[in-house]
Amino acid sequence: MSESTRLDGETAIVTGANAGIGAESATQLAAAGAEVVLAARREDRLEAVAADIRSAGGTAMVAPTDVTDEQAVAALVETTVEKFGSVDIVVNNAGVGRGDSVAEMETEAYRQMMDVNVDGVFFLTRAALPHLIESEGNLIYIGSFAGQYPRPSNPVYAATKWWVRGFAKSVMAQVGEEGLAVSIINPSEVRTEFGSEDGQPFQERFEPGSVSEPAEVAEAVCYAASQDHSTAAEIDLFRRDKFAAFEKKR
Ligand SMILES: NC(=O)c1ccc[n+]([C@@H]2O[C@H](COP(=O)([O-])OP(=O)(O)OC[C@H]3O[C@@H](n4cnc5c(N)ncnc54)[C@H](OP(=O)(O)O)[C@@H]3O)[C@@H](O)[C@H]2O)c1
């Protein structure tokens with residue numbers, strides 16, 4: 001199957017699709033033939049990603065959505081079904097990392113991480129599940145290394161990603177018999193705008209080649225989305241020196 005046709009006829013919703021991992025995932029899913037629905041809050045940036053996809057011959061619809069708004073998320077799914085007839089792939093990607101010290105964390109930063117990384121993931125999963133079961137589709141979550149190991153630099157962010165992985169695995173157990181695939185992709189550091197709300201974005205903090213690029217995570221998303229019968233249950237995509245860094249700290 002060629003790269004441009006392996007997802008032909010499939011419709012994908014990607015949250016956080018106007019930046020970083022989400023923009024790359026939407027672009028690569030479209031290049032593989034999927035019709036993509038781009039969701040995030042900043043509409044001008046969604047339009048820019050959609051324009052690039054269309055100029056490369058792909059199909060993209062812009063759907064400005066705040067994932068913390070459950071009615072907006074339900075409308076995102078319904079609009080997608082009305083426009084394209086099905087939902088075959090969902091990428092729960094929108095996420096934020098704020099603050100660091102628990103003792104000093106503002107409630108507003110805590111609340112935002114819980115609202116986006118936890119509630120937003122629940123709202124989209126709930127709204128999309130009936131359609132994904134009907135299409136026997138692929139439900140994908142962007143977890144994190146921080147959701148697999150303790151993270152001294154930000155326990156609250158880590159906890160939201162542990163929740164994502166626990167939820168995803170249990171959804172997998174609940175709906176697997178119905179033919180739906182559920183995948184979790186766990187990157188370590190990726191060079192995106194992540195971290196910019198409180199400090200230096202990762203794309204500036206890390207030199208090219210020292211950690212992962214968003215396109216590499218997007219390739220894992222496309223791999224998971226391309227499974228017809230099996231489930232790519234969990235993919236860990238780590239910088240090569242990730243475990244060596246633990247040792248160096250001793
Ligand atoms: N970068 C890393 O090192 C890394 C590592 C592991 C896991 N991750 C995870 O990967 C995912 C994507 O992160 P990224 O690195 O690509 O970050 P990013 O470049 O900062 O992008 C974050 C995306 O989330 C969207 N978003 C934030 N709040 C939203 C809301 N309320 N409603 C809808 N969309 C919202 C943003 O768009 P708007 O602001 O326009 O809404 C943006 O598109 C996140 O779940 C993150 O936790 C990242």
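Every number for a ligand or one of its atoms is a count from 1 in the order of the listing.
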### Message
I'd like to check which ligand 1 atoms, numbered from 1 as shown, lie under 4.0 Å from a non-hydrogen atom of Gly20.
### Response
16 (O), 19 (O)
### Task
Please state whether the rings of Phe238 and Phe243 are parallel, tilted or perpendicular, taking 30° and 60° as the class boundaries.
perpendicular
### Query
Can you list the ligand 1 atoms lying under 4.0 Å from a non-hydrogen atom of Asn18?
36 (C), 37 (O), 38 (P), 40 (O), 42 (C), 43 (O)
### Task
Among all protein heavy atoms, pick out the one at the shortest distance from atom 23 (C) of ligand 1; state its residue, atom name and that distance to 0.1 Å.
Gly16 CA, 3.8 Å
### Message
Closer than 4.0 angstrom, basic N to acidic O: yes or no for Glu234 and Arg165?
### Response
yes
### Message
Taking 4.0 angstrom as the limit and counting only heavy atoms of Glu189, give me the atoms of ligand 1 inside it, by number and element.
### Response
3 (O)
### Query
Same cluster or not: are Val73 and Leu129 linked, directly or through other Ile, Leu, Val, Met, Phe, Trp or Tyr residues, by side-chain heavy atoms under 4.5 angstrom apart?
yes
### Message
Checking a contact table here: which protein heavy atom is nearest atom 15 (O) of ligand 1, and how many Å away?
### Response
Thr192 OG1, 2.6 Å
### Query
Looking at Val90, Thr65, Leu139, which one forms a side chain to side chain contact (heavy atoms under 4.5 Å, CB included) with Leu124?
Val90
## Note on the structure
Counting from 1 in the order shown, the ligand 1 atoms closer than 4.0 Å to a non-hydrogen atom of Asp66 are 30 (C), 31 (N), 32 (N)
### Glu189/Lys242 ion pair, N-O < 4.0 Å
yes
### Query
Identify the closest protein heavy atom to atom 5 (C) of ligand 1: which residue and atom is it, and at what distance?
Ser188 O, 3.1 Å
### Message
With a cutoff of 4.0 Å, is Phe145 in contact with ligand 1, counting heavy atoms of the residue only?
### Response
no
### Query
Among the heavy atoms of Gln112, does any lie under 4.0 Å from an atom of ligand 1?
no
### Query
Using 4.0 Å as the upper bound for N to carboxylate O, is an ion pair formed by Glu216 and Arg191?
no
### Message
Tell me the closest heavy-atom pair linking Ala224 and Asn138, and the distance in Å.
### Response
O-ND2, 2.9 Å
### Query
Does Ser212 come within less than 4.0 angstrom of ligand 1, counting non-hydrogen atoms of the residue?
no
## Note on the structure
Between Ala232 and Tyr223, the two heavy atoms sitting closest are CB-CE2, 4.0 Å
### Message
Suppose we measure from atom 26 (N) of ligand 1 to each protein heavy atom; which comes out shortest, and what is that distance?
### Response
Ala94 CB, 4.0 Å
### Message
Over 60° means perpendicular and under 30° means parallel, so tell me whether Phe206 and Phe202 are parallel, tilted or perpendicular.
### Response
perpendicular
### Message
Testing the basics here: between Val67 and Thr15, what is the closest heavy-atom pair and its distance to 0.1 Å?
### Response
CG1-CG2, 3.9 Å
### Task
Walk me through it: do Tyr157 and Phe194 pass the test ring-ring contact (aromatic ring centres under 6.0 Å, His included)?
CA-CA 12 Å; Tyr157 172 72; Phe194 189 79; 5.3 Å; yes
### Task
Find all atoms of ligand 1 within a distance of less than 4.0 Å from any non-hydrogen atom belonging to Phe202, and give their numbers and elements.
2 (C), 3 (O)
### Query
Can you tell me the protein heavy atom closest to atom 32 (N) of ligand 1 and the distance?
Val67 N, 3.0 Å
### Task
Check whether Ile235 and Val121 end up in the same hydrophobic cluster, where Ile, Leu, Val, Met, Phe, Trp and Tyr are linked by side-chain heavy atoms less than 4.5 Å apart.
no
### Summary
A student checking ligand 1 against Ile21 at a 4.0 Å heavy-atom cut-off should list atoms 10 (O), 15 (O), 16 (O), 48 (C)
### Message
Quick check: Ala40 and ligand 1, any N/O pair under 3.5 Å apart?
### Response
no
### Task
Answer side chain, backbone, both or neither: which part of Pro214 comes under 4.0 Å from ligand 1, heavy atoms only.
neither
### Task
Give the single entry among Thr15, Thr65, Val116 that approaches atom 33 (C) of ligand 1 most closely by any heavy atom.
Thr65
### Whether Pro187 lies under 4.0 Å from ligand 1, heavy atom
yes
### Task
Distance to 0.1 Å, residue and atom name: give those for the protein heavy atom nearest to atom 29 (C) of ligand 1.
Arg41 NE, 3.5 Å
### Task
Looking only at non-hydrogen atoms, find the nearest pair between Pro208 and Glu213 and report the distance.
CA-OE2, 4.1 Å
### Task
Mind checking whether Arg45 contacts ligand 1 via backbone (N, CA, C, O), side chain (CB onward), both or neither, at a 4.0 Å heavy-atom cut-off?
neither
### Minimum-distance protein heavy atom relative to atom 18 (P) of ligand 1
Phe194 N, 3.8 Å
#### Entry: Check ion pair Lys83-Glu35 (N to O, under 4.0 angstrom)
no
### Query
At what distance is the nearest protein heavy atom to atom 21 (O) of ligand 1, and which residue and atom is it?
Ala19 CB, 3.9 Å
#### Entry: Where ligand 1 meets Gly143 - atom numbers and elements under 4.0 angstrom, heavy-atom basis
7 (C)
### Query
Considering Val190, Leu237, Thr68, which one's heavy-atom position lies nearest to atom 2 (C) of ligand 1?
Val190
